[in-house]
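Data block below; observations after.
Note that these values count all heavy atoms, side chains included, but never hydrogens, waters or copies made by symmetry. Numbers for residues simply follow the sequence, beginning at 1.
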Amino acid sequence: MSTGKLPLAADGLQLNFCKTLACRNFGLSDEKHYLLQDTDPSRPGLVCRECGAFPPLLNNHAVRKEFSRLKKQDSGNLAACSTDTCIAYGKPVLTHRELYHAFGYSGERQRYRCKHCQSTFVDRWSNANPKLDLQQKLLGLLFTGYPVREICRRLQMNPKTFYDHLDQIAARCRNKLASVDARYLQLAKDAPLASTLTTLQPRSENGVMWLATGDATHGYVLLQNINYSPEEDKPDENADVYMPNTRRMPDSFLHLEDGPESAQDTLLNQVNAKYQEVLSRSNVEDLYTRPIHIDYPSKGCLIRPQYTAYAQYLRLRELVPHWDEITLYLPQEPLLRSAVFSIFKDKLLTRQCHPVYVEQNEMWQENDNAENVDIMLLSWWRDRWAFTQKGKAEKAICHLWRETGKEHKWLQQASTFRLEEYQARFHINFRSLVDEPRRRLRPGGLLPLLDIFRAWNNLCHQNNEGFTPAQALNLTRQPYTLAQLLG
Ligand SMILES: [Zn+2]
Ligand SMILES: [Zn+2]
């Protein structure tokens, strides 16, 4: 329903405004600065009277809702006060000791009392793991690449029991990670971050994207989310952006007629082809508003990717209030650009946020320096790209508010390689599980695996020099063994 007004703010959150940093209207949400022309969720709804940009509209309440969903998924099982009116609500004991008293035991498990509302609760993960041996074997087999039915046969369990164990292992992993994540947020203040976006199951075409954000240099993964909610239902039709359920995607897509896009020979052609793909979307922030083939999951609900991406950066903003500067390396994708610009608008105005697009080909060597640099203004956005080349190796960066004079530095340092490597390793390690025909339409079963993989990547997996990402960042002293991860 069109109201001629911007979607309402949600607890002070208003994400609808001009996203051109050089424009006078950047960050301003007063309706007089814009023309509102349409309320179809697949079409742009806002036109800036100053610069002519057309940022798509978002439902702020739906971003908040997605934010809560992600937060619950990431930390829902950690011991914390569960009184929803209490100031300690949802703040885990692991990272907010000051809010709680230890309050005896329940069996072998630690009990706590909230200092504010006096409610008591038990930390389910504070006892020794009684299933350590079995779960360690299970993980060992899983990481060796055995299919689920083979693991079940060897360990004499049925698939239901297998997935129950996986849930429990994931919960222990999240618990282990919570305190290391807290150290990361304290100690890695000056380190650049990177985000990457890929499909969760590359061969499934089920519409589930996987967004990961973490340390760009050592590959410590801090946040990862998918735009799929196993607990919600698919709506029958598109809801306009004024309705809170606009974040849920119905099974209605523009049909794809052509074959897959052809490979590009040079990096410049690749970057230009990407801009063309983006402009074929009716909503530049929504990858599903162009002709595309999707086999909708048979259970649960796809979330419009902009809601998951904005919510993840909202999570990031909540975690790093004490960071003076934020540097974020991104693949060339306007969804991520808009999300970063919207969520970190204040830091952008004071130039304390550096979002940088990075693209490179396979021949590029990490940390190689750029000798010759070509500057080019590309696309409708007039994005200022710097390209460099060494033989067949090519790399390009685009500082999104056009900082000039530091192209060599960004060309050398900016990289999304570690995060891409992380996601590629997941796909290789768990190929049989990820590609299982039944699993392609039921992606929810991969959620615990994502938590386990993040813990393994951050705490157990050693690089060529023998260091885990957590060690390289001085967060832990030694690599964790699987037994330590599960103990
Ligand atoms: Zn503008
Ligand atoms: Zn409380």
For this session: For residues 226-237, pull every pair meeting side chain to side chain donor-acceptor pair (under 3.5 Å), keeping only residues two or more places apart or in separate chains.
Result: Ser229-Glu232, Glu232-Arg247
Exercise. Are Pro244 and Lys65 side-chain neighbours, meaning at least one heavy-atom pair lies under 4.5 Å?
Worked result: no
Problem set entry | Salt bridge present between Arg315 and Asp74 (N-O < 4.0 angstrom) | yes
Exercise. Heavy atoms, side chains only, cut-off 4.5 Å: are Leu13 and Leu15 in contact?
Worked result: yes
Exercise. Do the side chains of Tyr310 and Val340 get nearer than 4.5 Å, heavy atoms only?
Worked result: no
For this session: Apply the test side chain to side chain contact (heavy atoms under 4.5 Å, CB included) to residues His461 and Tyr480: give CA-CA distance (whole Å), side-chain angles for both, the deciding distance (0.1 Å), then the verdict.
Result: CA-CA 8 Å; His461 177 65; Tyr480 282 38; over 6 Å; no
Exercise. Short question: side chain of Ser68, backbone of Arg64 - any donor-acceptor pair under 3.5 Å?
Worked result: yes
Problem set entry | Distance-only donor-acceptor check, side chains Tyr422 and Thr196, under 3.5 Å | no
For this session: Measure the acute angle between the ring planes of His354 and His399, then classify it against the limits of 30° and 60° as parallel, tilted or perpendicular.
Result: perpendicular
Exercise. NZ/Lys406 to NE2/His408 distance, rounded to the nearest 0.5 angstrom?
Worked result: 14.5 Å
Problem set entry | Qualifying residues under salt bridge (charged side-chain N to carboxylate O under 4.0 Å, His left out), relative to Lys392, sequence neighbours excluded | none
Exercise. Okay, side chain of Ser415, backbone of Phe417: is any donor-acceptor separation there less than 3.5 Å?
Worked result: yes
For this session: Could you grab the distance from atom CZ of Arg317 to atom CZ of Phe67, nearest 0.5 Å is fine?
Result: 9.0 Å
For this session: Would you give the length of the straight line joining atom CG of Asp11 to atom CG of Asn60, rounded to the nearest 0.5 angstrom?
Result: 10.0 Å
Problem set entry | Between Gln312 and Asn225, a side-chain donor and acceptor under 3.5 Å | yes
Problem set entry | Lys/Arg-Asp/Glu bridge criterion (N-O < 4.0 Å) met for Arg454, Asp181 | yes
Exercise. Take atom NZ in Lys189; do more than 12 heavy atoms of anything else shown fall under 6.0 Å from it?
Worked result: yes
Problem set entry | Distance (rounded to the nearest 0.5 Å) between Lys19 NZ and Asn25 CG | 13.0 Å
For this session: If the plane angle is over 60° it's perpendicular, under 30° parallel, otherwise tilted; pick one for Phe430 and Phe453.
Result: perpendicular
Exercise. Any luck finding a side-chain donor-acceptor pair between Glu285 and Ser338 under 3.5 Å?
Worked result: yes
Exercise. With a 4.5 Å limit on heavy-atom distance, are the side chains of Glu403 and Trp410 in contact?
Worked result: yes
Exercise. Hey, are Arg174 and Asn77 close enough side-chain-wise for a donor-acceptor pair under 3.5 Å?
Worked result: yes
For this session: Measure up the Phe253 and Tyr296 rings against each other and bin them: parallel (under 30°), tilted (30 to 60°), perpendicular (over 60°).
Result: tilted
Exercise. Can you tell if the side chain of Arg203 reaches within under 4.5 Å of the side chain of Arg440, non-hydrogen atoms only?
Worked result: yes
Exercise. Nearest 0.5 Å, what's the CG-CG distance between Leu411 and Asn372?
Worked result: 10.0 Å
Problem set entry | Worked check of salt bridge (Lys or Arg N to Asp or Glu O under 4.0 Å) between Arg418 and Glu366 | CA-CA 10 Å; Arg418 294 283 164 232; Glu366 285 305 291; 5.7 Å; no
For this session: Assess whether salt bridge (Lys or Arg N to Asp or Glu O under 4.0 Å) is satisfied between Arg384 and Glu407, documenting all intermediate values.
Result: CA-CA 10 Å; Arg384 187 178 182 279; Glu407 293 81 9; 2.7 Å; yes
For this session: Ignoring hydrogens and angles, state whether a donor on the side chain of Trp364 or Glu394 is under 3.5 Å from an acceptor on the partner side chain.
Result: no
Exercise. So do the side chains of Ser342 and Phe17 get within less than 4.5 Å of each other, counting heavy atoms only?
Worked result: yes
Problem set entry | side-chain contact (heavy atoms from CB on, under 4.5 Å) partners for Ala191, two or more places apart | Ala188, Asp215
Problem set entry | Under 3.5 Å side-chain donor-acceptor pair for Gln14 and Asn16 | yes
Problem set entry | Close side-chain approach of Arg248 and Leu302, heavy atoms under 4.5 Å | no
Exercise. Would a distance-only check, ignoring hydrogens and angles, find a side-chain to backbone donor-acceptor pair under 3.5 Å from Tyr220 to Leu473?
Worked result: no
Exercise. Under 6.0 Å between ring centres, would you say that holds for Phe54 and Trp380?
Worked result: yes
Exercise. From Leu6 CG over to Asn59 CG, what is the distance, rounded to the nearest 0.5 angstrom?
Worked result: 12.0 Å
Problem set entry | Derivation of the side-chain hydrogen bond (donor to acceptor under 3.5 Å, both in side chains) call for Gln423 and Thr198 | CA-CA 8 Å; Gln423 292 182 316; Thr198 188; 4.9 Å; no
Atom pairs and distances, donor-acceptor, side-chain atoms in residues 322-335, under 3.5 Å, two or more places apart:
from: His322; atom 1: NE2; to: Leu185; atom 2: O; distance (Å): 2.8
from: Trp323; atom 1: NE1; to: Leu185; atom 2: O; distance (Å): 2.9
from: Gln332; atom 1: NE2; to: Val271; atom 2: O; distance (Å): 3.0
from: Glu333; atom 1: OE1; to: Lys274; atom 2: NZ; distance (Å): 3.1
from: Glu333; atom 1: OE1; to: Arg281; atom 2: NH2; distance (Å): 3.0
from: Glu333; atom 1: OE2; to: Arg281; atom 2: NH1; distance (Å): 2.9
from: Glu333; atom 1: OE2; to: Leu335; atom 2: N; distance (Å): 3.0

Exercise. Just by modelled atom types, is the Val434 backbone N or O under 3.5 Å from a matching donor or acceptor in the Gln201 side chain?
Worked result: yes
Exercise. Can you pull the salt bridge (charged side-chain N to carboxylate O under 4.0 Å, His left out) pairs that have at least one residue in residues 50-63, sequence neighbours excluded?
Worked result: Arg24-Glu50
Exercise. Within the side chain of Tyr288, is there an N or O that forms a donor-acceptor pair under 3.5 Å with the backbone of Met249?
Worked result: no
Problem set entry | Residue pair Asn369 / Lys390, side-chain donor-acceptor N/O under 3.5 Å | yes
Problem set entry | Over 12 non-hydrogen atoms of neighbours within 6.0 angstrom of OH in Tyr275 | yes
Exercise. How about Pro230 and Leu447: do any of their side-chain heavy atoms sit closer than 4.5 Å?
Worked result: yes
Exercise. What pairs of residues pass the salt bridge (charged side-chain N to carboxylate O under 4.0 Å, His left out) test when at least one of them lies in residues 336-362, not counting sequence neighbours?
Worked result: Arg337-Asp383
Exercise. Does a sphere of radius 6.0 Å around CD in Gln478 hold more than 12 heavy atoms from other residues, nucleotides or ligands, not counting ones at 6.0 Å or beyond?
Worked result: no
Problem set entry | Short side-chain donor-acceptor distance under 3.5 Å, Asn238 and Arg304 | yes
